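Being a predicted model, the structure only gives us computed values, none of them experimental.
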Amino acid sequence: MTTELSLTADQQASLKPILEEQSVLKKDSKENPDHADANKVKVKELNKKVKEVLTPAQLEIQKANMQKAKAEGKKEGNE
């Protein structure tokens with residue numbers, strides 16, 4: 001993410017705890033499916049915080065990368 005979006009040092013510092021928390025929540029959701037719905041809400045809130053840190057240009061790059069990843073995931077699932 002850092003190189004793809006050309007993040008500044010300040011952005012990296014701001015995003016690191018957010019991304020770490022997202023990772024913990026996603027792991028918890030896999031290990032404890034009954035937490036998945038609550039964690040999904042928390043992840044959405046964290047995504048809002050990520051968007052506040054990124055510039056509009058960086059958001060566009062992130063959006064394109066996410067769409068690409070989803071498309072590749074669908075291709076792999078169909079094979």
Drop me the distance from [X]'s [atom1] to [Y]'s [atom2], to the nearest 0.5 angstrom.
X	Y	atom1	atom2	value
L25	E20	CG	CD	12.0 Å
Q12	M1	CD	CE	11.0 Å
L15	L54	CG	CG	5.5 Å

Please report the closest heavy-atom contact between A36 and S29, naming both atoms and the distance.
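What the structure gives for the nearest pair is CA-OG, 3.6 Å.
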Can you name the nearest heavy-atom pair linking Q58 to L7, along with the distance?
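Nearest pair, atom of Q58 first, then L7: NE2-CD2, 3.7 Å.
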Does [X] reach the main-chain N or O of [Y] with its side chain, forming a donor-acceptor pair under 3.5 Å?
X	Y	result
E21	I18	no
Q11	V53	yes
S14	D10	yes

For D34, does the CG atom have more than 12 heavy-atom neighbours from other residues, nucleotides or ligands under 6.0 Å away?
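Yes, CG of D34 has more than 12 neighbouring heavy atoms, counting only those of other groups under 6.0 Å.
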Side chain to side chain contact (heavy atoms under 4.5 Å, CB included), that's the test. Do Q22 and N47 meet it? Break it down for me.
CA-CA 9 Å; Q22 282 182 331; N47 284 339; 2.5 Å; yes
Got a sec, which residues hit salt bridge (Lys or Arg N to Asp or Glu O under 4.0 Å) with K48, two or more places apart in sequence or on another chain?
E45
Does one hydrophobic cluster hold both L59 and V43, with members joined at side-chain heavy-atom distances below 4.5 Å?
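Same hydrophobic cluster.
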Might you work through the side chain to side chain contact (heavy atoms under 4.5 Å, CB included) test for N65 and Q62, ending with a clear yes or no?
CA-CA 5 Å; N65 289 343; Q62 183 193 34; 5.6 Å; no
Joining Ile, Leu, Val, Met, Phe, Trp and Tyr whenever any side-chain heavy atoms lie under 4.5 Å apart, the cluster holding M66 also takes in none
